[in-house]
Amino acid sequence: MSASLRAATSVPPERALWRRRLTDWADNERVLGYLLVGPVVLLLIGLVAYPFFVAVGYALSDRTLADEGEFIGLENFYNLFENQIYRQTLGNTLIFTAGSVTMRLVFGVGLALILNEAFRFRRLVRSAVLLPWIVPTVLGTMAWLWMFNPNFSVINWVLVHSGLMAQGPNWLTDPDLALFSVTLVNAWRGTPFMAITVLAGLQSIPSELYDSSAIDGASKFQRFRHITLPLVMPVLLTALVLSIIWTFSDFGIVYGLTKGGPMNATHVLATLSYQAGLASGNIGEGAAISLTMLPILFVLILWQLRRIRRMNIA
Amino acid sequence: MTKRSSNSGTTRRRVLATAAALPAFAAPAIAQNALKGTKLTILASNWYVPECNAQLDQLAAEIGRDTGMEVRIERFAGDELTTKTAAVIGSGRGADLAVGVEFDTYVYASKLTDVTDLANEIGKTYGGWLDSGKAASVVGGRFKSLCIGQAPAAWNYRTDQFAAVGLNKFPDTFDDLLKAAKLLHAKGTPIGMTLGHASGDGRSTNYPVLWAFGGKEFENDGKTVSIDSPGTLKAVEWYAEVYKYFIPGTTAWLDPDNNQAFLAGKVSATVNVNTIYLASRNAAATDPARKFMIENMEHGLWPRGPAGRFANYNINVWLPFASSPNKAGQLHFLREWYSRKFLLKWTKTGQSYFIPTFAGFDNEDVWPDDPKLKIFRELNKLNRLPGYSGPPTPIAAEAVNKYILVDMFAKACTGQLKPAEAVKWAAKEYEQIAKKRRA
């Protein structure tokens, strides 16, 4: 730049000094790091940390919707563990989550392997598979409610009229079967997410690995065991962590199908929390029920994340 | 800046506050003038009789026209309305009035406007409030809500199917109902009562049985749990016996299921409000099956038990939020709702779907002309609230919301627990709720 041009575009010395200081400051990696992370941290504080600590505060009080309440320490938690319905609900939630995630895993991986193959109308099928994930939860649940209806179940109609059964199963009436039914619907809804996520992982595996292993004489199962599974595992574990979180805190499907009945056989922590906190107005108790999800989820997720990290390092 | 009214020299806010504080009968003229430019948001449910919803909309529009107040109705399905109301109570903003259930009055009492003066004025107009209406609205001697009405649940039964087993009327005792259930089951036309987590039918089906056998949840103080009694045990034993002759699946029934089962001809009798009949009657002109249904169905009273004849109905109330900045608007709307011009017409339109709880309504032209709905006039006097014979309390409300009574019967009916064990289970749950609320 020529001297005359520099003189023409020059800024007052104080401003130039400030600008240089700001540039130097921003060039400092530590400062820039904080600057970039700052907005995210603020968002997390506002949207995650603040509500979380408010919930903790509620859980340690006897607050109701109409009354500020007082600090009662851990009494809400003590009362919960004394309560048979809560203990039953906790058990239901664990079975519901384990059952649903297992089904999602099996069907999701199976579906992904099929969708990864070349066949006619593959794109159409891939889109169709996403339907349970796309349709609003309430709509899907209403359809299942009709299919499981004690009086008008279309599944039972088919079973009876095809001669397979004299009388159809009591999908939502029998306590054990009811828990299975809500678990099945949750798995139905979550399987497409698992399938599509795993499919994305499968498609990132270089085809040369399969070609060379085929030349070496590896069977289809050996290729799945030693190439597909290890390479897709990080994606799979991430999908698994998300599935566990979503299933553990699911509300809509159970509430839509049974409202926790019959006889609390399908109550999960989210529906019980709603019942206590909003329907009955006991905000303290409702918050305590919700917070009991936390340690269980925390341990599960920490374990999964460590595995993912170890795999990534490996 | 606070807007000043045109020529009074006082602030609009002060006018509104004065109008709200004045005795109810003096308020209308002031409110009419002061309401211009204000807003009133009302949270409402969707009543099953569409004409009742339409009349509410029409009333809101008329009030808007007459006063210049913008009246907005926001409608929600039952559970959504519960959540929305809770949000308004918790945050203190979002609405001025809501349609609630009777429990809301005593759970949210401290967050509701005291409308005692208006309630007394309305009571005088209609010959006084019935006990159920007062119980639904009064906390600590003050009206914290105003009862919209109660929805009497009757036994809906198929006269042709009852006649086929030799019964020409609905059984008048629980023993006779059990005998009828056996006969109907044997004939392939079973009865069914809701034993699932249905927020409406779950309670209206089960409380009458408990009370008729002499069982009750609490002593008269409303705090001492008394569910573990010989009366409750007898009620549970009767239920476990009659359940053997029910249509399968009633433990999973939610609110729509008994309607659907009856309309589809799957059950010969069930407990419901008048909506099964109204829906059939409306469709009868074009649907022969519905025409056949209304010609062959009737409504019956709950049977009489050793302790008497009882019933339990859903009650709707107007909840005036104390957080509302438009108290004058609240009162004006409520006054218009309870005006003879509107309320008598609204009640008649509902055909006894929701019946306002006034003693003087016996002499008003609000009752259905259809002979098959005549029984609802008598049903209107039988209602008791959860917690009976004690007062309705947040403890009783929580027990209803947690379906303790329904589950007690269901556990015994399905054999999950023996009747005595089911009663003990329920007693423990009631005790835990009472202990927590007493603390």
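So that the names make sense, note that chain A is the first sequence line, chain B the second, and so on, each numbered from 1.
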Given Trp425(B) and Ile85(A), is the side chain to side chain contact (heavy atoms under 4.5 Å, CB included) satisfied, shown in steps?
CA-CA 10 Å; Trp425(B) 172 84; Ile85(A) 296 176; 4.1 Å; yes
Taking everything shown except Phe107(A) itself, do over 12 heavy atoms lie less than 6.0 Å from its CZ?
no
Reported OH-to-OG1 distance for the pair Tyr274(A) and Thr82(B), which is rounded to 0.5 angstrom
5.0 Å
Any chance you could measure Leu254(B), atom CG, to Leu145(A), atom CG, to the nearest 0.5 Å?
6.5 Å
Does any part of the side chain of Gln260(B), heavy atoms only, come nearer than 4.5 Å to the side chain of Trp146(A), both counted from C-beta?
yes
Would you find more than 12 non-hydrogen atoms of other residues, nucleotides or ligands less than 6.0 Å from Glu70(A) atom CD?
no
How many angstroms lie between CD in Gln84(A) and CD in Glu429(B), if you round to the nearest 0.5 Å?
6.0 Å
Counting distance only, does the side-chain N/O of Ser110(B) pair as donor-acceptor with the main-chain N or O of Ala66(A) below 3.5 Å?
yes
Residues 406-424 of chain B vs chain A, non-hydrogen distance cutoff under 4.5 Å, contacting residues -> Asp407(B), Ala410(B), Lys411(B), Thr414(B), Gln416(B)
For Gly249(B) versus Thr173(A), what's the shortest heavy-atom pair and its separation?
CA-OG1, 3.3 Å
Restricting to non-hydrogen atoms, name the atom on Ala279(A) and the atom on Asn401(B) that form the minimum distance, rounded to 0.1 Å.
O-ND2, 2.9 Å
Below 4.5 Å, heavy atoms only, C-beta onward: do Tyr403(B) and Met263(A) meet side chain to side chain?
no
How about Arg87(A): does its CZ atom have over 12 heavy atoms from other parts shown lying under 6.0 Å from it?
yes
Region of Ile89(B) in contact with chain A, defined by heavy-atom distances below 4.5 Å
both
Interface moiety of Leu195(B) toward chain A, non-hydrogen atoms closer than 4.5 Å:
neither
Gln432(B) side, atom CD; Asn79(A) side, atom CG - distance, nearest 0.5 Å
7.0 Å
Please report the interatomic distance OH(Tyr108(B)) to CG(Asp67(A)), rounded to the nearest 0.5 Å.
13.0 Å
Answer whether the closest heavy-atom distance between the side chains of Thr64(A) and Val107(B) falls below 4.5 Å.
no
Region of Ile404(B) in contact with chain A, defined by heavy-atom distances below 4.5 Å:
side chain
Against Lys436(B), only a single residue in Asn83(A), Ile72(A), Asp62(A), Asn282(A) fulfils side chain to side chain contact (heavy atoms under 4.5 Å, CB included); can you say which?
Asn282(A)
Surrounding OH of Tyr50(A) (heavy atoms of other residues, nucleotides or ligands, distance under 6.0 Å), is the total greater than 12?
no
Under 4.5 Å heavy-atom distance to chain B, tell me which part of Gln167(A) shows up: side chain, backbone, both or neither.
side chain
When rounded to the nearest 0.5 angstrom, what is the spacing between NE2 in His197(B) and OG1 in Thr266(A)?
7.5 Å
Got a sec, which residues hit side-chain contact (heavy atoms from CB on, under 4.5 Å) with Ala59(A), two or more places apart in sequence or on another chain?
Phe77(A), Ala287(A), Ala288(A), Leu291(A)
Is Tyr78(A) atom OH crowded by more than 12 heavy atoms from other residues, nucleotides or ligands, each under 6.0 Å away?
no
Side chain / backbone / both / neither for Phe148(A) at chain B, heavy atoms under 4.5 Å
neither
Lys402(B) bridged to Glu285(A) by N-O distance under 4.0 Å:
yes
At a 4.5 Å cut-off on heavy atoms, which part of Asp104(B) comes close to chain A: side chain, backbone, both, or neither?
neither
Who wins among Leu278(A), Asn264(A), Leu172(A) for the most heavy-atom pairs under 4.5 Å with chain B?
Asn264(A)
